[in-house]
Amino acid sequence: MSQELTIKNKGLLKVIEERPLSELIKPLVNEIHLFDTFIAGASRVADLTVFDRLHSGDKLSLRREVSKFDDQAILILNEAGEKLGYIPEKDEQIFARLMDAGKLLIARVTDLELKGSLVKVSIGIYLVDY
C-alpha cells in the first residue's frame, strides 16, 4: 500500500487554491446581535471629519482600553483604525468581560446624526461566532 496522499476531488482543491482563506471561512461566521447603544464621547473626538465617512451598516472595531479612570473601557474604531469614541460606561461591564475572556465583539452603525459639532451615532453590538 502506498504512503502517498491521493486527491480525488480536484475541483474542491482548485476552489481552495483560488480563494483567500478569509473568503472560505466567511460563510462559517455568524454575528449574534447582543445589544443596541450609542457611541459615547463622539462629540469630543479631535477630528470630527471621521464621521463624514461613516455610514449605516459600517462595521466598527471594539478594543479594550484600560485607563486609570475606567478599567473596563471599550474603545470604538472605524475600519481605518480611527477613534470614534467609547461604549457608554453604563453598558460596558458585560462586554468588557466577554472581550477579556477572548470573545470577539464588533459593532455596526445603525443610525447617524450630524448637526454641527453634535454627533450621535447609534450602534448594535455583535458577538462574532465561528
Side-chain angles (χ1 to χ4, degrees):
M1 182 173 255
S2 173
Q3 297 290 331
E4 284 185 29
L5 178 63
T6 305
I7 299 173
K8 293 186 178 190
N9 186 346
K10 293 186 180 186
L12 180 59
L13 182 61
K14 185 176 181 181
V15 168
I16 292 170
E17 288 175 343
E18 291 178 351
R19 292 198 175 126
L21 183 60
S22 62
E23 282 186 28
L24 294 171
I25 294 175
K26 193 178 270 186
L28 305 175
V29 174
N30 189 22
E31 293 179 0
I32 302 167
H33 181 255
L34 300 176
F35 194 72
D36 290 313
T37 189
F38 62 95
I39 297 178
S43 296
R44 292 189 297 272
V45 169
D47 181 12
L48 292 177
T49 63
V50 298
F51 297 103
D52 294 337
R53 299 183 296 277
L54 207 56
H55 302 93
S56 185
D58 283 358
K59 180 178 172 182
L60 307 174
S61 299
L62 303 179
R63 185 174 69 202
R64 290 283 279 118
E65 184 179 88
V66 179
S67 74
K68 63 182 178 182
F69 303 108
D70 184 359
D71 64 348
Q72 296 188 347
I74 301 173
L75 181 62
I76 302 172
L77 307 163
N78 65 11
E79 289 183 348
E82 298 167 307
K83 178 180 175 179
L84 301 175
Y86 293 88
I87 298 292
E89 191 172 356
K90 68 181 182 64
D91 299 331
E92 70 190 6
Q93 185 177 22
I94 291 181
F95 304 120
R97 288 181 183 173
L98 286 168
M99 293 175 77
D100 291 347
K103 302 300 181 188
L104 176 60
L105 299 180
I106 63 162
R108 289 205 179 269
V109 177
T110 56
D111 192 37
L112 179 66
E113 291 181 47
L114 303 173
K115 295 179 182 172
S117 64
L118 178 65
V119 178
K120 184 179 178 192
V121 183
S122 299
I123 59 171
I125 299 176
Y126 296 82
L127 170 68
V128 179
D129 185 36
Y130 298 94

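All residue numbers in this chain count up from 1 along the given sequence.
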Problem - Close side-chain approach of Asp111 to Ser56, heavy-atom, < 4.5 Å - result: no
Do side-chain atoms of Thr110 reach the backbone of Ser122 as a donor and acceptor pair under 3.5 angstrom?
yes
Can Ile94 be reached from Ile76 by stepping across I, L, V, M, F, W or Y side chains whose heavy atoms are under 4.5 Å apart?
-> yes
Rounding to 0.5 Å, atoms CD1 (Ile106) and NZ (Lys59) come to a distance of 5.0 Å
Treat each ILVMFWY residue as a node, draw an edge where side-chain heavy atoms are under 4.5 Å apart, and state whether Ile39 and Val50 are in one component. yes
Here the gap from Leu34 atom CG to Tyr126 atom OH, rounded to the nearest 0.5 Å, amounts to 9.5 Å
- Heavy-atom distance under 4.5 Å between the side chains of Leu127 and Leu98, does that happen here? no
Taking every heavy atom of Gly81 against every heavy atom of Leu77, the minimum-distance pair comes out as O-CD2, 3.7 Å
CG of Asp91 to OH of Tyr86, rounded to nearest 0.5 Å, is 16.0 Å
- prompt: Would a 4.5 Å heavy-atom cut-off, applied to side chains only, mark Asp52 and Leu114 as touching?
  reply: yes
| query | Is it the case that one hydrophobic cluster holds both Ile32 and Phe35, taking links as side-chain heavy atoms less than 4.5 Å apart, direct or via other members? | reply | yes
CD1 of Ile125 to CG of Leu60, rounded to nearest 0.5 Å, is 10.0 Å
_Quick one, Ile87 and Ile123 - any side-chain contact, counting heavy atoms below 4.5 Å?_
yes
Check your understanding: What do you reckon, is CZ of Arg53 surrounded by more than 12 foreign heavy atoms closer than 6.0 Å?
Key -> yes
Handout entry: Chi angles and distances behind the side-chain contact (heavy atoms from CB on, under 4.5 Å) call for Val121, Leu84
Key = CA-CA 9 Å; Val121 183; Leu84 301 175; over 6 Å; no
So do the side chains of Leu62 and Phe95 get within less than 4.5 Å of each other, counting heavy atoms only? no
Here the gap from Lys120 atom NZ to Ser43 atom OG, rounded to the nearest 0.5 Å, amounts to 11.0 Å
Nearest heavy-atom contact between Pro88 and Ala40 is CA-CB, 3.9 Å
Notebook entry, point to check: Do the non-hydrogen side-chain atoms of Asp58 and Asn78 ever get within less than 4.5 Å of each other?
Noted result: no
Discussion item. A side-chain contact here means heavy atoms from C-beta on lying under 4.5 Å apart; do Arg64 and Ile74 qualify?
Written reply: yes
CG of Leu105 to CD of Glu31, rounded to nearest 0.5 Å, is 11.0 Å
Item to complete: Evaluate side-chain contact (heavy atoms from CB on, under 4.5 Å) for Phe51 paired with Val45, printing each intermediate quantity in order.
Response: CA-CA 10 Å; Phe51 297 103; Val45 169; 4.1 Å; yes
